[in-house]
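Computed from a prediction, not measured in an experiment: that's the story for all the values here.
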There are 2 protein chains.
Amino acid sequence: MKLTSKGRYAVMALADLARFNNVNPVSLRDISLRQGISLDYLEQIFSKLRKKEIVQSVRGTQGGYILNKKAKEIKLTNIFDAVDEKVKTVQCKKESKKGCNGKATKCLTHNLWDELENHIYNFFDEKSLEDLVKENSERRI
Amino acid sequence: MKLTSKGRYAVMALADLARFNNVNPVSLRDISLRQGISLDYLEQIFSKLRKKEIVQSVRGTQGGYILNKKAKEIKLTNIFDAVDEKVKTVQCKKESKKGCNGKATKCLTHNLWDELENHIYNFFDEKSLEDLVKENSERRI
DNA sequence: AAGATACTTGACTATTTTAGTCAGGTTTAT
DNA sequence: ATAAACCTGACTAAAATAGTCAAGTATCTT
Ligand code: FES
Ligand code: FES
């Protein structure tokens, strides 16, 4: 079990964006420098975030990105979904009646992974970007 | 986020073993056939489980593996630990004061991943092999 | 109008991890 | 003796990851 960089960076970048998202858009270059994330990689990530309407882009000089909703309304599940970070722990297709081993019934551990999936999903669905920013409000970067 | 096959198979195989672990040892060949897991791969996995004293081996004809403790006493955390399935969601080294970006302080999302790690750990630490077997007791394989 | 900044897109790739396979053992019940 | 089953280490194809690279387009400032 691990988390990939894409999801990790997406959350990190948005947390940064939420913090500095006062009036002006925040450029990816700034986020890249502050958070130590490759600019090119950030662009891939923000392209996805924009398509899922989590951020808006502002082109041109002094451009950048702004949040498309209030930080409180952006749950971590939304972010993960946008960048295709899967919180999938069952192996099989849930809708199918077949098991992950190709047999007719679900495997011995199917229920376990399904429970875990819910467990993790709930964790992410309760956390908003605002929560994240608040947690860090006393800190300096 | 996903789970690798190694941890998945380890739990599946042990669930199978626990079910059939009456008097005689259970051979990997049987587990392989029942659960549809490559025999060679199972051997790698059980080698680790044996080193961590989760199972005992019985060599020779009619040999196989038996649980080394009661199913109730084997938590999923033990199993995952034995096969090196990491439930590590923070990127950095926890002991270090440095962040995952190499900077002097922990990153904006460090606390988040740390919380998640605990969340998942607790889930696994509350589940025993016995729980798994019971859940499936009414089913046929 | 020119230049600079910054978003936009798509293709490409080195590295690492995963999920095994393969080959050659050793041990023990019958 | 033979067969079943454990034991070990090395090897590898395929997939995923974490980027890089290149060639744009839009908009602001001067
Ligand atoms: S995970 Fe669903 S059948 Fe195995
Ligand atoms: S995860 Fe620990 S500093 Fe980023």
Side-chain angles (χ1 to χ4, degrees), chain A residues 1-13 17 20 23-68 80 83-86 88 91 100-102, chain B residues 1-13 17 20 23-52 54-66 68 80 83-86 88 91 100-102:
Chain A
M1 169 95 55
K2 60 171 195 188
L3 221 48
T4 67
S5 285
K6 193 159 33 169
R8 205 186 285 283
Y9 286 163
V11 175
M12 205 184 294
L17 180 53
F20 292 90
V23 191
N24 303 318
V26 179
S27 74
L28 292 189
R29 194 172 130 72
D30 286 352
I31 296 179
S32 165
L33 290 174
R34 276 197 293 262
Q35 305 303 330
I37 305 171
S38 143
L39 178 58
D40 281 321
Y41 204 24
L42 272 179
E43 276 169 355
Q44 280 183 49
I45 291 168
F46 272 76
S47 167
K48 296 188 181 209
L49 292 173
R50 190 176 59 78
K51 278 173 193 155
K52 291 294 175 76
E53 299 180 338
I54 291 176
V55 295
Q56 278 189 344
S57 67
V58 180
R59 301 187 73 149
T61 314
Q62 301 293 90
Y65 287 91
I66 53 177
L67 292 182
N68 202 23
F80 271 62
V83 299
D84 305 313
E85 187 76 303
K86 303 279 192 296
K88 175 174 187 288
Q91 184 89 320
C100 55
N101 42 21
Chain B
M1 170 93 56
K2 60 171 192 187
L3 220 48
T4 68
S5 286
K6 193 157 36 168
R8 205 185 284 281
Y9 287 164
V11 176
M12 204 183 294
L17 180 53
F20 292 90
V23 190
N24 302 318
V26 179
S27 75
L28 293 190
R29 195 174 130 73
D30 286 353
I31 296 178
S32 165
L33 289 174
R34 276 198 293 263
Q35 305 304 329
I37 305 170
S38 143
L39 178 58
D40 281 323
Y41 203 24
L42 272 179
E43 277 171 352
Q44 280 183 49
I45 292 169
F46 272 75
S47 165
K48 295 188 181 206
L49 292 173
R50 190 175 59 78
K51 278 173 191 153
K52 290 295 174 76
I54 291 176
V55 295
Q56 277 188 344
S57 67
V58 179
R59 302 189 73 153
T61 315
Q62 300 293 89
Y65 286 92
I66 53 178
N68 202 24
F80 271 62
V83 299
D84 305 314
E85 187 76 304
K86 303 277 193 296
K88 176 175 187 285
Q91 184 89 320
C100 55
N101 42 22

Enquirer: Can you see if the side chain of Y9(B) gets near the phosphate of dG20(C) - specifically, an N or O under 4.0 Å from OP1 or OP2?
Expert: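 True: Y9(B) side-chain N/O within range (under 4.0 Å) of dG20(C) OP1/OP2.
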Enquirer: Could one point to a donor on the side chain of R59(B) or the base of dT26(C) with an acceptor on the other under 3.5 Å away?
Expert: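 Indeed, a donor on one side and an acceptor on the other fall under 3.5 Å apart.
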Enquirer: Compare the minimum distances between each of dC7(C), dT18(C), dA6(C) and the side chain of T4(B), then state the nucleotide with the smallest one.
Expert: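 Output: dT18(C).
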Enquirer: Can you tell me the distance, in whole Å, between the CD1 atom of I31(B) and the C1' atom of dA4(D)?
Expert: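 One finds 15 Å between C1' of dA4(D) and CD1 of I31(B), rounded.
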Enquirer: Just to confirm, is there a sub-4.0 Å distance from OP1 or OP2 of dC7(D) to any side-chain nitrogen or oxygen of S57(B)?
Expert: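 True: S57(B) side-chain N/O within range (under 4.0 Å) of dC7(D) OP1/OP2.
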Enquirer: With distance as the sole test, does S32(A) use its side chain to make a donor-acceptor pair with the main-chain N or O of I37(A) at under 3.5 Å?
Expert: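 Present.
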Enquirer: OP1, OP2 of dA19(C) versus side-chain N and O of S38(B): anything below 4.0 Å?
Expert: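 Answer is no, no contact under 4.0 Å.
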Enquirer: Give the rounded distance in Å between these two atoms: NZ of K6(B) and C1' of dT17(C).
Expert: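 Taking NZ of K6(B) and C1' of dT17(C), I get 10 Å after rounding.
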Enquirer: In whole angstroms, how far is the P atom of dA10(D) from the CD atom of Q44(B)?
Expert: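 About 12 Å, once rounded to whole Å.
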Enquirer: Picking from dC22(C), dC28(D), dC6(D), which would you name as closest to the side chain of Q62(A)?
Expert: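 Shortest atom-to-atom distance from the side chain points to dC28(D).
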Enquirer: Using whole Å, report how far CG of D40(A) lies from P of dT13(C).
Expert: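 Rounded to whole Å, this separation is 16 Å.
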Enquirer: Give the nucleotide from the list dG24(D), dC6(D), dA23(C) with an atom nearest to the side chain of S27(B).
Expert: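 That would be dC6(D).
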Enquirer: Can any side-chain N or O of E85(B) pair as donor or acceptor with the backbone N or O of K6(B) at less than 3.5 Å?
Expert: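 No: the side chain of E85(B) does not pair with the backbone of K6(B).
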Enquirer: If you check every side-chain atom of K51(A), which of dT20(D), dT8(D), dT9(C) has the closest atom?
Expert: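 Among the listed nucleotides, the one closest to the side chain of K51(A) is dT9(C).
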Enquirer: Counting only heavy atoms not in E43(B) (residues, nucleotides, ligands), do more than 12 fall under 6.0 Å from its CD?
Expert: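 Counting other residues, nucleotides and ligands, CD of E43(B) exceeds 12 neighbours.
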Enquirer: When the nearest nucleotide of DNA chain C is assigned to T61(A) and to L39(A) on a heavy-atom basis, which residue is associated with the more 5' position?
Expert: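 Checking each residue's closest nucleotide, the 5'-ward one belongs to T61(A).
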Enquirer: Ignoring backbone atoms, test whether S5(B) places a side-chain nitrogen or oxygen under 4.0 Å from the OP1 or OP2 oxygen of dA19(C).
Expert: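 Yes.
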Enquirer: Report the distance from atom CZ of R29(A) to atom P of dA6(C), rounded to the nearest whole Å.
Expert: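 Roughly 7 Å, once rounded to whole Å.
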Enquirer: Rounded to the nearest 0.5 Å, what's the gap from CG on L42(B) to OH on Y65(B)? Could you check?
Expert: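 L42(B) atom CG to Y65(B) atom OH measures 9.5 Å (nearest 0.5 Å).
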Enquirer: If the cut-off is 4.0 Å, is R50(A) near the phosphate of dT8(C), judged by side-chain N/O to OP1 or OP2?
Expert: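 Answer yes for this pair, as a side-chain N or O of R50(A) is under 4.0 Å from OP1 or OP2.
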Enquirer: Using a cut-off of less than 4.0 Å, is there contact between a side-chain N or O of Y65(B) and OP1 or OP2 of dC7(D)?
Expert: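 Answer is yes, contact under 4.0 Å.
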Enquirer: To the nearest 0.5 Å, what is the distance between CD1 (I45(A)) and CG (D40(A))?
Expert: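 Separation between the atoms: 11.0 Å.
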Enquirer: Given the structure, check if the side chain of E43(A) and the base of dT20(D) hold any donor-acceptor pair shorter than 3.5 Å.
Expert: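 No, the side chain and the base share no sub-3.5 Å donor-acceptor pair.
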Enquirer: Over how many whole Å does the gap from I66(A) atom CD1 to dA6(C) atom P extend?
Expert: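 Taking CD1 of I66(A) and P of dA6(C), I get 16 Å after rounding.
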Enquirer: Both E85(A) and V26(B) contact DNA chain D. Which one's nearest nucleotide lies toward the 5' end?
Expert: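 Nearer the 5' end of the strand: V26(B).
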